[in-house]
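Structure first, then comments.
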Amino acid sequence: ATYLYLGQLCLGAEAVAFYEMGIKGLEDEIEILVASGGGDEEEEINSLKRKISSALCSMTEIYMTDCCDDPLAEQNCTAFTARAQQLDPASPEVHQTRASVLLSRCLPAEAAHAIADSLALWSLEKHNTWPAYPTRLASAKILMEVGSNEEAAAVLETVLKENDEDLEVWYLFSWCYYRM
């Protein structure tokens, strides 16, 4: 997990390298748990898979920003999101990241489907199903980009309930309602 923290603190290729080392460590932990074969480690294995999936999403974001000039950036983004989805298909973050990649490739219809998949995994009414604050904020932005302003406003409501002093949320609300 230390390498994952270093990946968050660094930029560009250096961050990707730390994320890769962190993922390798988590994969080693999964191998050890599987080899022990007790059967009651399923929850811990799923937790480790979710961490790997999240790290892959972070690596995707790096390739869409800091490392976007890399000749393999698009290929890496596609590979990372596919692998993240394979490891944790029930993660809203994975589908939201896939939608972001599709938008960057100018595929808004496919992005709309991906963000709909993300929203289908959690409930606007049930607080305990909400993904992390940054994931919901990014989801609202993607929803606005694909023209789903009503859904974006509903997602922004969940963000507002958590932090009503975030100016970005108020700005997005105003932009969202302007576009309705």
Side-chain angles (χ1 to χ4, degrees), residues 1-27 48-122 130-149 151-152 155-156 158-159 162-163 166-169 171-173 175-176 179:
T2 303
Y3 289 116
L4 298 179
Y5 291 128
L6 288 171
Q8 291 174 344
L9 294 173
C10 296
L11 300 172
E14 184 180 24
V16 171
F18 282 125
Y19 277 120
E20 287 172 345
M21 287 188 273
I23 288 170
K24 176 68 173 125
L26 293 172
E27 288 170 339
L48 293 171
K49 285 182 178 181
R50 178 148 288 191
K51 287 179 184 178
I52 293 171
S53 173
S54 182
L56 289 164
C57 289
S58 296
M59 290 169 60
T60 301
E61 293 291 337
I62 290 169
Y63 272 101
M64 289 194 311
T65 55
D66 299 351
C67 297
C68 64
D69 293 331
D70 187 307
L72 299 175
E74 185 176 342
Q75 180 181 345
N76 286 337
C77 287
T78 303
F80 294 154
T81 54
R83 183 165 173 227
Q85 190 170 358
Q86 178 187 17
L87 286 168
D88 191 9
S91 169
E93 180 185 13
V94 171
H95 295 283
Q96 178 257 310
T97 302
R98 186 167 53 95
S100 184
V101 170
L102 291 167
L103 273 177
S104 73
R105 294 175 57 201
C106 298
L107 300 169
E110 290 88 343
H113 289 297
I115 199 65
D117 291 343
S118 177
L119 291 178
L121 295 171
W122 56 283
W130 293 350
Y133 184 94
T135 302
R136 286 181 282 140
L137 192 59
S139 293
K141 291 176 185 178
I142 291 169
L143 286 163
M144 289 174 66
E145 282 191 58
V146 299
S148 299
N149 294 307
E151 291 90 350
V155 171
L156 287 170
T158 71
V159 175
E162 193 169 325
N163 182 4
D166 187 344
L167 294 178
E168 183 179 18
V169 175
Y171 169 77
L172 290 172
F173 253 128
W175 186 248
C176 187
R179 293 177 58 182

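If you're wondering where the values come from, they're calculated on a predicted model, not measured in any experiment.
Taking D117 as the reference, H95, R98 meet the side chain to side chain contact (heavy atoms under 4.5 Å, CB included) condition, with sequence neighbours excluded.
Distance check: E14 CD to L9 CG gives 10.0 Å after rounding to the nearest 0.5 Å. Taking OG1 of T97 as the start and CE of M59 as the end, the distance is 12.5 Å to the nearest 0.5 Å. In this structure, the separation between CG on L56 and NZ on K51 is 14.5 Å, given to the nearest 0.5 Å. Separation of atoms CG (D166) and CZ (F173) is listed at 11.5 Å; rounding is to 0.5 Å. One finds the CD1 atom of I115 at 14.0 Å from the CD atom of E110 (value rounded to the nearest 0.5 Å). Separation of atoms CG (L172) and CH2 (W175) is listed at 10.5 Å; rounding is to 0.5 Å.
The backbone N or O of T158 lies less than 3.5 Å from a partner atom in the side chain of R136, making a donor-acceptor pair.
When the shell of 6.0 Å around CD of E162 is examined, it contains more than 12 heavy atoms from other residues, nucleotides or ligands. Within 6.0 Å of atom OH in Y133, more than 12 heavy atoms from other residues, nucleotides or ligands are found, so the atom counts as buried in its surroundings.
Of all heavy-atom pairs between S53 and A84, the closest is OG-O, 3.5 Å. Closest of all the heavy-atom pairs between S148 and E151 is CB-OE1, 3.1 Å. When all heavy atoms of I62 and A15 are compared, the pair lying nearest together is CD1-CB, 3.6 Å. The minimum heavy-atom distance between M64 and C77, with the atom names listed, is CG-SG, 3.6 Å. In terms of heavy-atom proximity, S118 sits nearest to P92 at OG-O, 2.9 Å. C57 and E93 make their closest contact through CB-OE2, 3.7 Å (heavy atoms, listed as atom of the first residue, atom of the second, distance).
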Compile the donor-acceptor pairs under 3.5 Å between side chains in residues 100-109 and protein atoms, sequence neighbours left out, one pair per line.
unit_1 : atom_1 : unit_2 : atom_2 : d
S104   : OG     : V101   : O      : 2.7
R105   : NE     : E74    : OE2    : 3.0

Enumerate, atom names and distances included, each donor-acceptor pair closer than 3.5 Å involving a side-chain atom of residues 138-146, sequence neighbours excluded.
unit_1 : atom_1 : unit_2 : atom_2 : d
S139   : OG     : T135   : O      : 2.9
K141   : NZ     : E168   : OE2    : 2.6

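Salt-bridge formation is not detected for the pair K49/D88: no Lys NZ or Arg NE/NH1/NH2 atom is positioned less than 4.0 Å from an Asp or Glu carboxylate oxygen.
Two residues are said to be in side-chain contact when any heavy atoms from C-beta on lie closer than 4.5 Å; L4 and F18 fail this criterion. Between N76 and V16 the shortest side-chain heavy-atom distance does not fall below 4.5 Å. Between L156 and L137, some side-chain heavy-atom pair lies under the 4.5 Å cut-off. In this structure, the side chains of Y3 and L26 stay at 4.5 Å or more apart for every pair of heavy atoms. Residues M21 and L6 are not in side-chain contact: their nearest non-hydrogen atoms beyond the backbone lie 4.5 Å or more apart.
Of the N and O atoms on the side chains of S58 and Q8, not one donor lies less than 3.5 Å from an acceptor on the other residue.
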